[in-house]
Amino acid sequence: MELIRLQKYIAESGITSRRKAEELIRCGRVKVNGLAVTEMGVKINPEADEIEVDGTLIKPEAKKYYIMLNKPAGYITTTSDDFDRPTVMELTSDVHARIYPVGRLDYDTQGLLLLSNDGNFANAIMHPGGNLKKTYIANVKGLISISAIKKLKSGVDIGDYFTRPAEAEIISGTERESTVKITIGEGRKRQVRRMLEAVGYPVLRLKRVQIGAVMLGNLPEGKWRHLKAAEIDLLTKGKAGK
Ligand code: URA
């Protein structure tokens, strides 16, 4: 039997991503054969060793799930909410595995959200150096100017951060409202909303339509589907963690 790293084993159990598993280990919440392990790099024998997280014995889940959801506005992308707001888990309750959101969308943002029970997949997607581009369609207030688009393309100050150059183009526009397509390779909190606000055009609606080469397509709002093998490959090829 091949020995595997403790954090990889925990990630494969579907509890959390590998990075979060490392945190659990560091905090002393993981035991191997009854003894707390807090240093990184410990390898275990999945067939012989007993691994506990917070006192519960864990086993890797055999079947891996990779799902895309067309998230409606008004749902949060966590597995539970202190304020009792609807979570995306309610829309995927017919998936009989402990999947969780891979990445996040704001409560009021809709569109493409990935979910999985594979911690290594989550790790590969969320890795900051992973450089997966994400594309959004934003409806903004007013007729957006060419100079605002130019600013988005060269980078804007969003308060605590200066954004890297983005791809941005006008899809349509009237005096009342414009539609903008914007692609970014980073993911600060409410980044697209703050970028458009910074150039003078508050967002009315925001929808993510693409992650890497994977597109939302015509999946109806509130519905999910399994990712195709080719889509999983496109998302993880050459990424750390897989
Ligand atoms: N940018 C935002 O402003 N919101 C999201 O949900 C995602 C990207």
Side-chain angles (χ1 to χ4, degrees), residues 17 67-83 85-92 99-116 121-142 144 148-149 151-171 173 177-217 219-224 227 235:
S17 66
I67 279 162
M68 76 153 71
L69 170 73
N70 184 353
K71 175 195 170 304
Y75 285 81
I76 65 158
T77 54
T78 52
T79 49
S80 64
D81 183 42
D82 291 343
F83 303 103
R85 289 173 296 182
T87 78
V88 290
M89 305 320 296
E90 293 168 28
L91 301 168
T92 53
I99 56 168
Y100 52 86
V102 176
R104 58 183 305 282
L105 282 178
D106 298 331
Y107 177 74
D108 41 1
T109 299
Q110 57 192 105
L112 175 53
L113 180 74
L114 301 173
L115 299 105
S116 179
F121 174 77
N123 195 51
I125 302 289
M126 294 193 286
H127 197 269
N131 238 345
L132 267 183
K133 288 186 178 175
K134 292 164 186 127
T135 301
Y136 299 84
I137 301 290
N139 292 85
V140 299
K141 199 156 172 256
I144 195 162
I149 294 289
K151 283 185 205 156
L152 294 171
K153 282 183 168 174
S154 57
V156 291
D157 186 352
I158 56 169
D160 55 354
Y161 182 68
F162 201 89
T163 62
R164 297 224 205 105
E167 292 163 39
E169 62 176 295
I170 303 173
I171 304 290
E177 188 176 321
S178 310
T179 305
V180 183
K181 184 174 172 187
I182 178 161
T183 301
I184 57 173
E186 31 185 18
R188 306 272 156 164
K189 204 156 191 266
R190 297 179 79 79
Q191 182 163 335
V192 174
R193 289 172 191 277
R194 289 198 285 156
M195 286 170 75
L196 284 157
E197 178 91 47
V199 297
Y201 296 89
V203 167
L204 303 170
R205 286 182 305 285
L206 186 63
K207 180 175 188 176
R208 182 158 66 197
V209 293
Q210 190 169 343
I211 299 177
V214 172
M215 290 190 257
L216 180 64
L219 183 65
E221 197 175 304
K223 298 288 181 206
W224 64 268
L227 291 183
L235 289 167

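We count ligands from 1, going down the list as the structure has it; atoms in each ligand are counted the same way. Keep in mind that this is a model prediction, so the values were computed, not measured. The chain is numbered in sequence order, starting from 1.
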task = Might you work through the salt bridge (Lys or Arg N to Asp or Glu O under 4.0 Å) test for E197 and R190, ending with a clear yes or no?
result = CA-CA 11 Å; E197 178 91 47; R190 297 179 79 79; over 6 Å; no
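Under the side-chain hydrogen bond (donor to acceptor under 3.5 Å, both in side chains) criterion, no residue pair touches residues 68-77, with sequence neighbours excluded.
In this structure, a donor-acceptor pair under 3.5 Å is present between the side chains of R193 and T109.
Considering R208, Q210, Q191 as possible partners of Y136, the one that fulfils the side-chain hydrogen bond (donor to acceptor under 3.5 Å, both in side chains) test is R208.
Scanning for side-chain hydrogen bond (donor to acceptor under 3.5 Å, both in side chains) contacts around K153 gives an empty result, with sequence neighbours left out. Here E177 pairs with R205 under the salt bridge (Lys or Arg N to Asp or Glu O under 4.0 Å) rule; sequence neighbours left out.
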Taking a 3.5 Å cut-off between nitrogen or oxygen atoms, can you list every pair linking ligand 1 to the protein, with distances?
from, atom 1, to, atom 2, distance (Å)
ligand 1, 1 (N), V192, N, 3.2
ligand 1, 3 (O), R190, O, 3.3
ligand 1, 3 (O), Q191, N, 3.4
ligand 1, 3 (O), V192, N, 3.3
ligand 1, 3 (O), R193, N, 3.0
ligand 1, 4 (N), D106, OD2, 2.6
ligand 1, 6 (O), D106, N, 2.8
ligand 1, 6 (O), D106, OD2, 3.3
ligand 1, 6 (O), T109, OG1, 3.2

